[in-house]
Amino acid sequence: MALLSGKDGTVRLAQGELLRVTEWRIEKTSTNKSYAANDTGGARKRVPGVKDCAGRLEIKADDAAGAPVGEGDVLALELHADDSAENYYELSAIVDAVRVEVDVGLARPVAYVVAFSGNGPITAHGILDKA
Amino acid sequence: MSVPFKELGGSPVEYYGLEGFRAEREFLIAWEDREAFAVELLGSAVPHGASTWLQYPGKSSVFAVSLRYEPFDPDNPDPQTLTDLTQGLNRYGNSFAKATVQYRTVSPRDRTDGPENEVGTHLTYQMLFAVEQCEITPGGWKWVDQPSIPAPQDVALLKTIPVTDHQLTWHQVVRPPWDTIRQLQGKANLGVFLGCPQGTVLFLGAEANKLFRSGFDAGASEFCWQIRYVFRERAVKQGGHVYGWNHFYRADPPGWAELTNGTDRMYDLADLAALFQSAP
């Protein structure tokens, strides 16, 4: 399991649109299958399982635009850890939920929190790639 | 060389019941070893004769009789492109195949007074019954209470003759004796057969069922046969005597007698045990 988050990074959609992201995080998982058998020494052993990922984006609301993504949208995401354009994850994801946060004093949305799940393999670049 | 395997925790599960002992075991093996493991467990009808099913540890009459494979982790097939249904198949090279093996008690020979089973085969037995009606001519029959009055000559006397069907099923036969079956069908037993006196058991015929033994990988599949022989015992018991298939009722003098036509009989006699010897 790897839990990585990027603060002050950026998120780029397939169209090249740069979202005003304040934070993103992603968790990469492997659903490993465990077993106990005659040769496992009284303990459980595991075989590597199918890989998956899920994550979250926090996007600052733009006064002039609505929510940038909707639930169920399939996104081609680039999650950048910095502004070097070299250290990022590239993946297809599907939006599971969009949480809208409204400041009633300002009378408008101030942020969107987007929860997503992976939709295929994930590619890591730069410092995010496995050494 | 044996296929490497792991026996999973939770295995075996054993049952003791009216069907005898049976069990189920679960193993993990490499995905590509499925074929070899099946042959090892269930045997192979190789040209030199069948190898027997693998027995259950510690129980000489319990054998592996069926095997089921499934991916141990069905969510994790190897990435590959499948474009042809006849050539492509999911693989699970990063995981295991889970094998579930069923074991059953198999008696090599149900009737010890019956024919011998060849090595690697076994014989099961089932008994059924049926009823035949035989018309008896009234000549010679009189009433017990009034012996001077004969039985009516225009009334047929029906005698009910119970018959017994002996069904012997011969399992795991690689080379059935087809010629012997053809030659013996319709013949009665020479000598005692299944405890029945000579001439009382008629070989009615055989049903053959082809069973696949193991793989489907190379050319024609290997298989063996399950042959069910049906014998009908007809033993008319009258006056302290037993009359078989070659006996018929005679009106004058009344009674059961054997018919011949020269040296021929209605039913030829033969050694029925020859049915249980594989073809060379």
Side-chain angles (χ1 to χ4, degrees), chain A residues 1-4 14 25-56 72 74-79 88-97 115-126 128-131, chain B residues 1-14 23-34 36-37 40-41 54-59 64 67-83 88-103:
Chain A
M1 181 185 76
L3 181 62
L4 294 166
R25 65 173 53 204
I26 188 168
E27 186 173 20
K28 301 194 297 174
T29 56
S30 170
T31 309
N32 304 323
K33 186 86 172 172
S34 73
Y35 66 95
N38 60 298
D39 63 349
T40 57
R44 297 189 77 79
K45 289 186 75 173
R46 286 174 171 79
V47 288
V50 65
K51 292 181 170 58
D52 199 4
C53 70
R56 193 181 68 170
V74 175
L75 310 176
L77 284 177
E78 287 183 11
L79 303 173
Y88 62 99
Y89 287 116
E90 187 176 7
L91 70 151
S92 174
I94 187 165
V95 176
D96 296 323
F116 64 87
S117 297
N119 184 35
I122 181 169
T123 306
H125 300 274
L128 300 174
D129 197 5
K130 187 172 69 173
Chain B
M1 180 180 167
S2 296
V3 173
F5 66 88
K6 303 171 185 291
E7 182 162 9
L8 278 173
S11 167
V13 178
E14 299 179 335
E24 183 176 292
R25 296 173 78 188
E26 291 183 332
F27 301 96
L28 294 182
I29 62 165
W31 183 255
E32 61 271 19
D33 285 344
R34 303 186 320 278
F37 193 63
E40 195 173 317
L41 271 167
L54 216 59
Q55 76 176 56
Y56 192 79
K59 292 190 180 295
L67 169 60
R68 176 177 183 266
Y69 287 124
E70 61 187 302
F72 177 57
D73 184 0
D75 288 338
N76 198 19
D78 294 352
Q80 61 173 322
T81 302
L82 299 176
T83 55
L89 189 68
N90 264 351
R91 294 190 307 262
Y92 297 84
N94 296 321
S95 181
F96 296 110
K98 179 180 169 184
T100 304
V101 184
Q102 302 284 342
Y103 290 80

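Below, read A as the first sequence line, B as the second, and so on, with proteins coming before strands; counting in each chain starts at 1. Both backbone and side-chain heavy atoms feed into the values below; hydrogens, waters and symmetry mates do not. Keep in mind that this is a model prediction, so the values were computed, not measured.
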- Just wondering, are more than 12 heavy atoms of other shown residues or ligands nearer than 6.0 Å to CZ in B:F37? yes
- chain B contact via A:T40 - side chain, backbone, both or neither, heavy atoms under 4.5 Å: neither
- Determine the minimum heavy-atom distance between B:N76 and A:P48, stating which atoms define it. ND2-O, 3.1 Å
- Contacting moiety of A:N38, where chain B heavy atoms sit under 4.5 Å: both
- Can a cation-pi geometry be assigned to A:K45 and A:Y35, taking NZ or CZ under 6.0 Å from the six-membered ring centre and within 45° of the ring axis? no
- Query: So which part of A:V47 gets closer than 4.5 Å to some heavy atom of chain B, the side chain, the backbone, both or neither?
  - Reply: side chain
- Pair B:F27 and B:F96, ring centroids less than 6.0 Å apart: no
